Colleague: 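What follows is a structure written as structure tokens; I'll ask about it next.
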Amino acid sequence: MSTDDEKPTTFHMTPDDFRSQGREVIEWIARYMETVDEYPVLSRVAPGDIRSRLPDHAPEHGEEFSAMLRDVDDILMPGITHWQSPGFFAYFPSNNSGPSILGELLSAGLGVQGMLWSTSPACTELETHVLDWLVEMLGLPERFRSQGDGGGVLQDTASNSTLCALLAARERAMDFSSGRTGVAGDLTVYASDQAHSSIDKAVRIAGLGSDRLRKIAVDATYALRPDALAEALKRDREAGYRPCLVMATVGTTSSNAIDPIAPIAEICRREGVWLHVDAAMSGTAALCPEFRWIQRGVEGADSYTFNPHKWMFTNFDCNAFWVADRSVLIRTLSVLPEYLRNAASESGAVLDYRDWHVQLGRRFRALKLWFVIRHYGVEGLRHHVREHIRLAQEFAQWVQASDGFELAAPAPLNLVCLRHVDGDSRTQTILDQINAEGESYLTHTRLDGRLTLRVSIGQRATQRIHVERLWQRLSALGGIDPNSSHPVPGGDGERG
Ligand code: PLP
């Protein structure tokens, strides 16, 4: 035993210091929430600027916490692109919220590693429970609930969920887990030519070969054409391939196109092919019954994924993934070394989420999601989703009514794609200027080869005034009368 004179050396932060410095951090975050609209949305640093301000070597001696927080302000903040700014209209929302941040903090405080039910039963059971809640909240099929053969799991990203869906579909076709060997070289995968690049990556990782991914043609709304899918499947069967998985997208990245799940599911059922649905951002819209048309036919899906970390006020990372038959997924990903054996797992009465994804370890993500759902309630979440969609629809009407811009694609939900009628060069100049000014941040895509601006509305703090301001600047740069087809910012909100 050590005496008072021989106190053990410790470098740890004491609980008292944690308390006072933790208060400072919470205060810092609260102030950031209040002032985030004062920063230029897109960071203006040049490559290497941030590193050039960091010391070459790690400190030999521990430093004061206040110095770290000061460096966050002085060194890091100039290199932050403000995803939480109300003027962030780029890519897709990646919004957060107070309850989510606090849930994240609590999860870090508990420091749970929930690879097995027994390594923290609450981590597993809360996750299973919240994912069952979400099935009901989103109007997803009962077969995804854990009470039956299905179930949900939280992953880091939609990319990994899509990979897991493909690995499970490959397992169903190849039966690798029972010791069979062989190459999956005759397996083929199908998605629209607008599908997210994560399917390309998954096909590569799964070892199928990039040329086994069939990019299916889309219709005028950029949605997958079921007739083209049926034709591709037929062609491949005749050529001796084995169709393995079809991915339908609810809300494509470029233009928010909604693939028609019902006819796609019917084709998959007929062909015995795994149907995976990627609803990364747009799945959140299904919280509102009036937008559930986007997933009509989802009862026929084998797996489904969406990202609460995009549009559901849950900070990155938090992806939800469901399967209709969990036994295939578990068979695909379960490897059991001696050191993980335990009585609970062997009883068969528990879920061990380590068997539901690629990695072993996992953090307590369900906590922040639980906090978000309990804080907002379904009513609150619906309210904000409806508001974002309403703003996007209004913005789309301004575009349509203007004589300088045109809609580049239908805007079913919260993403509006537009371009200047003078063509790519003018559109590019407008994009560059908007982003240089710093009040808003937009990104682009190409649709039918033409440069297209994407206005993605879904950040927590975005209100009508921010959308109006963006339209004012677009109008001015596009050479159209800013008051002819849209409201004046700060006015009564009526369209002229
Ligand atoms: N699928 C779609 C339709 C997306 O828009 C995105 C994000 O851009 C992804 C998948 C990838 O999401 P994650 O970053 O969670 O892998």
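Small disclaimer: the values here were computed from a predicted structure and weren't measured. When a ligand or atom number is given, it counts from 1 through the structure's own listing order.
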Colleague: What residues come within 4.0 Å of ligand 1, counting heavy atoms only?
Modeller: F92, T157, A158, S159, H196, S198, G251, T253, D278, A280, N307, H309, K310

Colleague: Hey, is the main chain of L333 close enough, under 3.5 Å, to the side chain of R354 for a donor-acceptor pair?
Modeller: no

Colleague: Between F316 and H309, what is the ring plane arrangement, given parallel below 30°, perpendicular above 60°, and tilted in between?
Modeller: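 Rings of F316 and H309: tilted, as their planes differ by 30° to 60°.
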
Colleague: Given the side-chain rings of F405 and W471, with only the six-membered ring counted for Trp, is the space between their centroids under 6.0 Å?
Modeller: yes

Colleague: Should the pair W83 and Y91 be assigned to parallel (<30°), tilted (30 to 60°) or perpendicular (>60°) ring geometry?
Modeller: parallel

Colleague: Just checking D193: does its CG atom have more than 12 heavy atoms from other residues, nucleotides or ligands closer to it than 6.0 angstrom?
Modeller: yes

Colleague: Return each pair, listed once, that meets salt bridge (Lys or Arg N to Asp or Glu O under 4.0 Å) where at least one residue sits in residues 322-333; pairs must be two or more places apart or across chains.
Modeller: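 Only E171-R331 qualify under salt bridge (Lys or Arg N to Asp or Glu O under 4.0 Å).
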
